[in-house]
Amino acid sequence: MCGIACAVGDDDIAAMVAAMEHRGPDGRGFASVSDDGVEFSEEPPSEGEVVLGHVRLWVRGEASAVQPIVGEDRAVAVNGEIYNYRRFVEDAPSDSWAVFEVVRSVRDAAMALRILRGEYAFVTAFGDGAVVAARDPVGVRPLYYSVEAGLAVASERKALWAAGFRDVRRVPPGALLVLRDGRVELRNVVDVPRPRPGRSSWKDLLEVLQRSVRERVEETERVGVVLSGGVDSSTVAKLASEYVDVRCYAAGFEGSDDVEVAERLCDEMGWPFISVPLEDEFERYVVATVYAVETWNPMKVEVGIPILACAGAMSDDGIRVMLSGQGADELLGGYHRHLRHYGDWDRFSWELWKDVAAIHAVNLERDDKAGMHHSVELRVPYLDLDVVRTGLGIDPRENVSGPEDNLRKRALRRVAAELGLPDFVVERRKRATQYGSLTSKMLDKLVRELGIKRAVAKRLGYRSHKELFLRLVGKYLGFPWKAPSVEEVERECARLGVEPEISEFLEERVLTFDSDLKAG
């Protein structure tokens, strides 16, 4: 896992790379590409028509491997993992060389999205001035761009914000972003596989899941699992434990159902378990999560907090790879809303496909950045394309037993039972992370204690008091978000007879957090 950046023209590549140091603490590099050739440097080059930047988190391959990879008439920067890289390059310092070998032209980049298997994003710059950027077909790895002045690309929004860009957009999964002859265009290349219900069974799901997990832990001695005690993450932990040492982590407040069930499971399975309490550092976790995942959306922050907290504990334990059960609900009908389409099986399958196709924006970008805030790489076995194809090929009637089915995902539950997971996991009902960890309840409590009531948010034109609060946090972090001034919020509080403490919070928690980041 790494952070990548590209700047065409005079954009500030140094600021972009500096904003992503958390994504690559093990080294950085740059490449300048122009008519005069392609050159690698350890420091930002003073010139170059196109400049690539890279920060590296070493997980596998040679510790001395560097990026961007340069040679012939091109340079490439890669973020992520290519699991079938030996098909394209047998003896190389890292799996990223597969991208360098395959993407020799813009046309080749389209082919790369069809033949590379993994979780990745890349940017390639050519000597003729062309640039192509892409991300894997599911969108596990984030990638953003701006065309305010030429073209700039980066793994995180904050890197582009740091260089002065405000109109920042995501590169869609399975798409190419191409700059050629001064024109920038997006081309869709690969979609999530379409559902073909009835072609797969739960036994097929078990087989492809085993392979997916094995690929994601190869060349790794120890991995961390974000464990909720639900069937999704528990199945991943069980499969991973067959190949590597597994340590399980759960974050929550006292009384958290997720933490209690996860600990019970680990006791029964003999896995090391680490409970990450959120009580004492919750305010810091809130600010850190807003900064990491770059959103004011309350639900995304509430879900992101336990992931970020677990990643921090993993990092402290020397773990650099984090597995999660993300994607199983979308793929196998795990949400209660899916039951609205019970009996209309074509519509049911289509809704699952739409959920998988949208998961990059809803969940994956958040989870990747929450982990990488602590330099821990997220891997998601359920979103391997073979698993997606197989999961969407299971007849919906194999996943839901009736219009009021409280369990759902029954094909996966059969897999879990086959693997020997205990009944209290196999038959556990889904509970959303923000409720199982209690972060939703505690964020509500925090915001209210600071004096921001729902009525204040409504008067200022915001959907909720949580959203208003998180927008203020982001604004104080320097993010280019729409948000009122603190003075406006305080005036509205005063009209309701409330004495707010928001100024103190922003000064003590947000400005201090920002200063600590800049200090190092």
Side-chain angles (χ1 to χ4, degrees), residues 19 22 144 156-162 164-168 253 278-309 312 361-362 365-366 369-370 373 434 437-519:
H22 53 280
Y144 304 96
E156 296 189 359
R157 289 186 176 95
K158 66 177 71 70
L160 295 166
W161 292 337
F165 297 103
R166 292 297 178 264
D167 183 13
V168 175
F253 285 85
L278 298 178
E279 286 88 350
D280 293 341
E281 297 291 335
F282 184 61
E283 293 181 357
R284 182 177 64 83
Y285 282 131
V286 170
V287 175
T289 303
V290 172
Y291 176 82
V293 305
E294 306 164 341
T295 185
W296 42 259
N297 180 290
M299 186 180 73
K300 289 187 177 183
V301 173
E302 291 162 1
V303 175
I305 288 169
I307 298 171
L308 182 141
V362 178
E365 293 171 3
R366 173 201 64 212
K369 290 180 284 189
H373 181 71
Q434 63 269 34
S437 64
L438 300 179
T439 54
S440 179
K441 176 182 177 180
M442 300 311 293
L443 180 61
D444 176 80
K445 180 182 178 183
L446 169 63
V447 176
R448 289 174 178 275
E449 287 177 347
L450 292 175
I452 302 179
K453 310 296 184 182
R454 286 193 177 94
V456 171
K458 184 176 181 180
R459 289 173 66 96
L460 290 170
Y462 294 93
R463 286 174 290 186
S464 74
H465 57 313
K466 293 181 184 179
E467 177 189 331
L468 172 57
F469 168 71
L470 295 174
R471 282 182 178 272
L472 287 170
V473 171
K475 184 176 181 180
Y476 264 68
L477 286 169
F479 292 174
W481 293 347
K482 177 186 175 183
S485 67
V486 175
E487 290 74 21
E488 289 178 272
V489 176
E490 290 177 337
R491 280 198 298 270
E492 292 300 332
C493 289
R495 289 174 183 172
L496 295 175
V498 176
E499 186 175 343
E501 298 179 15
I502 185 65
S503 295
E504 292 85 346
F505 179 91
L506 294 172
E507 291 172 3
E508 293 175 6
R509 287 296 186 182
V510 181
L511 295 184
T512 301
F513 176 85
D514 192 42
S515 299
D516 290 343
L517 279 173
K518 291 174 180 176

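Each residue takes its place number in the sequence, starting with 1.
- Rounded to the nearest 0.5 angstrom, Ile305 CD1 and Leu438 CG are separated by 12.0 Å.
- Atom CZ in Arg157 sits 10.0 Å away from atom CZ in Phe479 (nearest 0.5 Å).
- Atom NE2 of His373 and atom CD1 of Ile307 lie 13.5 Å apart (nearest 0.5 Å).
- Contacts of Glu501 classified as side chain to side chain donor-acceptor pair (under 3.5 Å), with partners at least two apart in sequence or in another chain: none.
- Atom CD of Glu294 and atom CH2 of Trp161 lie 5.0 Å apart (nearest 0.5 Å).
- Of all non-hydrogen atoms in Pro298 and Ser464, the two that sit nearest each other are CG-OG, 4.1 Å.
- At distances below 3.5 Å, not a single donor-acceptor pair connects side-chain atoms of Arg448 with backbone N or O atoms of Lys453.
- Looking at every heavy atom in both residues, Leu278 comes nearest to Ala309 through CD2-CB, 3.7 Å.
- Applying the salt bridge (Lys or Arg N to Asp or Glu O under 4.0 Å) test to pairs two or more places apart or on separate chains, none has a residue in residues 473-491.
- Here Asp280 pairs with nothing under the salt bridge (Lys or Arg N to Asp or Glu O under 4.0 Å) rule; sequence neighbours left out.
- Counting heavy atoms of neighbouring residues, nucleotides and ligands inside a 6.0 Å radius, atom CD of Glu499 does not exceed 12 of them.
- Side-chain atoms of Tyr291 and Val473, non-hydrogen and from C-beta on, never get closer than 4.5 Å to each other.
- Geometrically, Arg471 engages Trp296 in a cation-pi contact, judged by NZ or CZ lying under 6.0 Å from the ring centre and within 45° of the ring axis.
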Note to self: Apply side chain to side chain contact (heavy atoms under 4.5 Å, CB included) to residues Ile502 and Phe469 and explain how you reach the verdict.
What the structure shows: CA-CA 9 Å; Ile502 185 65; Phe469 168 71; 3.8 Å; yes
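- Remark: Arg284 CZ to Thr289 OG1 distance equals 9.5 Å, nearest 0.5 Å.
- Two residues are said to be in side-chain contact when any heavy atoms from C-beta on lie closer than 4.5 Å; Phe513 and Val290 fail this criterion.
- No donor-acceptor pair closer than 3.5 Å links the side chain of Glu302 to the backbone N or O of Gln434.
- By the 4.5 Å heavy-atom criterion applied to side chains, Leu468 and Pro484 are counted as neighbours.
- With contacts defined as side-chain heavy-atom distances shorter than 4.5 Å, the pair Thr295/Arg366 does not qualify.
- Evaluation of the side chain to side chain donor-acceptor pair (under 3.5 Å) rule for Ser437 yields Thr439 as partners, not counting sequence neighbours.
- Using modelled atom types, no side-chain atom of Lys466 and backbone atom of Val447 make a donor-acceptor pair closer than 3.5 Å.
- To the nearest 0.5 Å, atoms CG (Leu460) and NZ (Lys458) are separated by 12.5 Å.
- Minimum interatomic distance between Cys493 and Val456 (heavy atoms only, all atoms of both residues): SG-CG2, 3.9 Å.
- Leu496 approaches Ala455 most closely through the heavy-atom pair CD1-CB, 3.7 Å.
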Check residues 504-511 and write down every donor-acceptor pair under 3.5 Å in which the side-chain atom is one partner and the other belongs to a residue at least two apart or another chain.
residue	atom	partner	partner atom	Å
Arg509	NE	Glu283	OE1	2.9

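- For Glu365, the salt bridge (Lys or Arg N to Asp or Glu O under 4.0 Å) partners two or more places apart in sequence, or in a different chain, are Arg135, Arg170.
- Not one N or O on the side chain of Glu156 forms a donor-acceptor pair closer than 3.5 Å with the backbone of Lys369.
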